[in-house]
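Read through the structure below, which is laid out as structure tokens, and then see the notes.
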Amino acid sequence: QVRPVESGGGLVQAGGSLRLSCAASGSTFSNYAMGWFRQAPGKEREFVAAINWYGDRTWDADSVKGRFTISRDNAKTTVYLQMNSLKPEDTGIYFCARKVYGGDYDGSWRYDYWGQGTQVTVSS
């Protein structure tokens, strides 16, 4: 199975927006919930958002509620993360992954097939 490929990162000023994409192969993507995580320099990887296979349920970290929106297009086997009102503390590498174990959505150990990540830098 092919790992997902993230894109859409970049440098943006605080208050700005970015839209990340995660393109996955059908075998990796189909029938699985997907999640976004991020990792800042010197910090552990943390949960950002997740979405179920049908796209009708989502989960967000408290730190991004009301600012970030996760969505998916199953026909395109792609997951998106719309990020608005960005803050410097949102800076990090953003990864998408496939959720393979049941239970809570915020544990990175429940995911596999991680992408290489895309860098997001928010300047103050």
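In this chain, residues are counted from 1 in sequence order. Just so you know, these numbers come straight off a predicted model, no measurement behind them.
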Rounded at 0.5 Å granularity, tell me how far [atom1] in [X] sits from [atom2] in [Y].
X      : Y      : atom1 : atom2 : result
Asp112 : Arg110 : CG    : CZ    : 13.5 Å
Phe47  : Arg38  : CZ    : CZ    : 11.0 Å
Asp60  : Lys65  : CG    : NZ    : 5.0 Å
Cys96  : Ile70  : SG    : CD1   : 9.0 Å
Thr91  : Gln39  : OG1   : CD    : 13.5 Å
Lys87  : Ser124 : NZ    : OG    : 14.0 Å

### Val120/Val122 under side-chain contact (heavy atoms from CB on, under 4.5 Å): CA gap, chis, key distance, verdict
CA-CA 7 Å; Val120 172; Val122 184; 4.1 Å; yes
Linking I/L/V/M/F/W/Y whenever any side-chain heavy atoms sit under 4.5 Å apart, do [X] and [Y] land together?
X      : Y      : result
Leu86  : Ile93  : no
Trp109 : Val48  : no
Phe29  : Tyr113 : no

### Query
Under the ring pair (Phe, Tyr, Trp, His ring centres under 6.0 Å) test, which residues partner Tyr105, sequence neighbours left out?
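With neighbours one apart ignored, the set is Trp59.
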Tell me whether [X] forms a cation-pi arrangement with [Y], defined as NZ or CZ under 6.0 Å from the six-membered ring centre and within 45 degrees of its axis.
X     : Y      : value
Arg72 : Tyr80  : no
Arg98 : Tyr32  : yes
Arg45 : Trp114 : yes

### Task
Could you tell me whether the side chains of Thr78 and Asp73 share a donor-acceptor contact shorter than 3.5 Å?
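Note: Thr78 and Asp73 side chains miss the donor-acceptor criterion.
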### Message
Ring centroids only, cut at 6.0 angstrom: are Phe68 and Trp36 within range, meaning strictly under it?
### Response
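Ring-ring flag for Phe68/Trp36: false, centres at least 6.0 Å apart.
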#### Entry: Check: Phe37 ring centre within less than 6.0 Å of Phe95 ring centre
no
#### Entry: Tyr111 side chain near Val100 side chain, heavy-atom distance below 4.5 Å
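A side-chain contact is absent here, since even the closest heavy-atom pair is not under 4.5 Å.
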#### Entry: Test log, rule side-chain contact (heavy atoms from CB on, under 4.5 Å), inputs Lys99 and Met34
CA-CA 6 Å; Lys99 188 175 185 290; Met34 298 291 290; over 6 Å; no
### Query
Taking all non-hydrogen atoms of both residues, which atom of Gly9 and which atom of Thr118 are closest, and how far apart?
N-OG1, 3.1 Å
### Query
Between Ser17 and Gln82, which heavy-atom pair has the shortest distance, and what is it?
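Closest approach of Ser17 to Gln82: CB-NE2, 4.0 Å.
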### Query
For Glu89, what residues pass the salt bridge (charged side-chain N to carboxylate O under 4.0 Å, His left out) criterion, not counting sequence neighbours?
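If we apply the salt bridge (charged side-chain N to carboxylate O under 4.0 Å, His left out) test to Glu89, skipping adjacent residues, there are no hits.
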### Query
Is there a donor-acceptor contact under 3.5 Å from the side chain of Arg67 to the main chain of Ser85?
yes
### Message
Please check this pair: side chain of Asn52 against backbone of Gly55, looking for a donor-acceptor N/O pair closer than 3.5 Å.
### Response
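A pair under 3.5 Å: yes.
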### Task
Please name all residues satisfying side chain to side chain contact (heavy atoms under 4.5 Å, CB included) with Asn31, sequence neighbours left out, ordered by chain then number.
Trp53
### Query
What do the steps show when you test Met83 against Leu20 for side-chain contact (heavy atoms from CB on, under 4.5 Å), and what is the final call?
CA-CA 8 Å; Met83 306 187 296; Leu20 306 185; 3.8 Å; yes
### Task
Would you please test Thr121 and Val12 for side-chain contact (heavy atoms from CB on, under 4.5 Å) and show each step?
CA-CA 6 Å; Thr121 303; Val12 63; over 6 Å; no
